[in-house]
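Values below: every heavy atom of this structure, side chains too, minus hydrogens, waters and symmetry copies.
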Amino acid sequence: MFRCGLAYPRCRWIVPLLLLFAIIFDIIAIAATSGWVEDKDAMSHYASMWSQCRGRNDIWECKSLMEFSWAQAVAALMIIGLIILIIAFIISCIALCCTLNISLLPVIGALLFITVVIQFIALIIYPVKFNDLIFEGHYNYTWAYGFGWGATILCIGCGILFCCLPRYEDELTGLAKTKYIYTLA
């Protein structure tokens with residue numbers, strides 16, 4: 001009695017949990033006060049989505065990046081993406097956890113793909129325009145920027161799952177007959 005494959009009833013809980021992780025990753029990326037960009041040794045220059053700081057020996061001068069239109073666009077796109085992600089999470093909890101509403105799953109998938117496009121644009125604009133802003137040295141995009149990409153990648157995976165799950169309605173409800181790969185003769 002060897003069973004192989006995806007346990008579909010578990011998807012009812014796992015996929016909304018993955019969306020919750022994507023929300024947490026987005027909040028970390030948006031709220032971080034540093035960690036989007038650092039100079040090579042992280043000694044004289046670092047930046048977040050909101051500001052950049054330069055200095056040495058614990059004397060730092062911080063300036064807001066919000067004076068640049070590209071930084072405002074990045075912040076707006078990341079926040080809009082987070083709001084759409086939260087809406088998708090709430091709908092997924094209603095569609096999968098409370099009751100099983102298969103017709104909402106493609107809607108959630110579409111919302112997640114919209115989130116992916118919006119955040120992808122923001123995560124590409126930031127390094128391109130930030131590199132235009134600085135002219136010297138080598139810079140690394142670090143942990144908070146990585147959390148933004150992590151949330152986007154989770155949204156891609158969950159969007160694919162939400163678009164595919166309606167095909168497996170019987171498996172999700174537990175009404176499908178168990179298929180075994182190996183049976184005794």
Please work out which of the three classes, parallel, tilted or perpendicular, describes the rings of F147 and W143, given edges at 30° and 60°.
->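 Correct class here is perpendicular.
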How are the rings of F25 and F21 set relative to one another: parallel (under 30°), tilted (30 to 60°) or perpendicular (over 60°)?
->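 Judged by the thresholds at 30° and 60°, the geometry between F25 and F21 is tilted.
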As an exercise, state the distance from [atom1] of [X] to [atom2] of [Y], rounded to the nearest 0.5 Å.
X    : Y    : atom1 : atom2 : value
I87  : I108 : CD1   : CD1   : 12.0 Å
I91  : F162 : CD1   : CZ    : 10.0 Å
I83  : T115 : CD1   : OG1   : 10.5 Å
L111 : I90  : CG    : CD1   : 11.5 Å
E61  : H45  : CD    : NE2   : 10.5 Å
L77  : L82  : CG    : CG    : 12.5 Å

Would [X] end up clustered with [Y] when hydrophobic side chains under 4.5 Å apart are linked, directly or stepwise?
X    : Y    : answer
I80  : L154 : yes
L161 : I94  : yes
I28  : W36  : yes
I118 : I23  : yes

Could you tell me whether W60 and Y46 have their ring centroids closer than 6.0 angstrom?
->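 When the ring centroids of W60 and Y46 are compared, they turn out to be within the sub-6.0 Å range.
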Quick one: are the ring centres of W149 and Y141 less than 6.0 Å apart?
->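 Between Y141 and W149, which both carry aromatic rings, the centre distance is not below 6.0 Å.
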Verdict with supporting geometry, L96 and W13, side-chain contact (heavy atoms from CB on, under 4.5 Å) | CA-CA 7 Å; L96 291 175; W13 302 101; over 6 Å; no
Are the side chain of [X] and the backbone of [Y] linked by a donor-acceptor contact shorter than 3.5 Å?
X    : Y    : value
Y139 : P127 : no
Q52  : K63  : no
T142 : G35  : yes
S51  : A47  : no

Any side-chain heavy-atom pair of [X] and [Y] under 4.5 Å:
X    : Y    : answer
W50  : M66  : yes
P106 : C163 : no
I30  : I27  : no
I86  : L19  : no

Where [X] and [Y] come nearest, the two heavy atoms and their spacing:
X    : Y    : answer
A122 : V74  : O-CG2, 3.7 Å
V116 : T152 : CG2-O, 3.8 Å
G148 : Q119 : O-OE1, 4.4 Å
A144 : S34  : CB-O, 3.8 Å
C155 : L85  : SG-CD1, 3.5 Å

Check against side-chain contact (heavy atoms from CB on, under 4.5 Å), V37 and Y145 | CA-CA 8 Å; V37 181; Y145 184 71; over 6 Å; no
Go through the steps to decide whether L65 and Y126 satisfy the test side-chain contact (heavy atoms from CB on, under 4.5 Å), and finish with yes or no.
-> CA-CA 11 Å; L65 288 174; Y126 186 87; 3.9 Å; yes
Looking only at side chains, do S103 and N101 share a donor and an acceptor under 3.5 Å apart?
->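 The answer is yes; a qualifying pair exists.
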For side-chain contact (heavy atoms from CB on, under 4.5 Å), just list the numbers for I160 and F113, CA-CA rounded to whole Å, side-chain angles, deciding distance to a tenth of an Å, and then say yes or no.
-> CA-CA 9 Å; I160 292 169; F113 285 125; 4.0 Å; yes
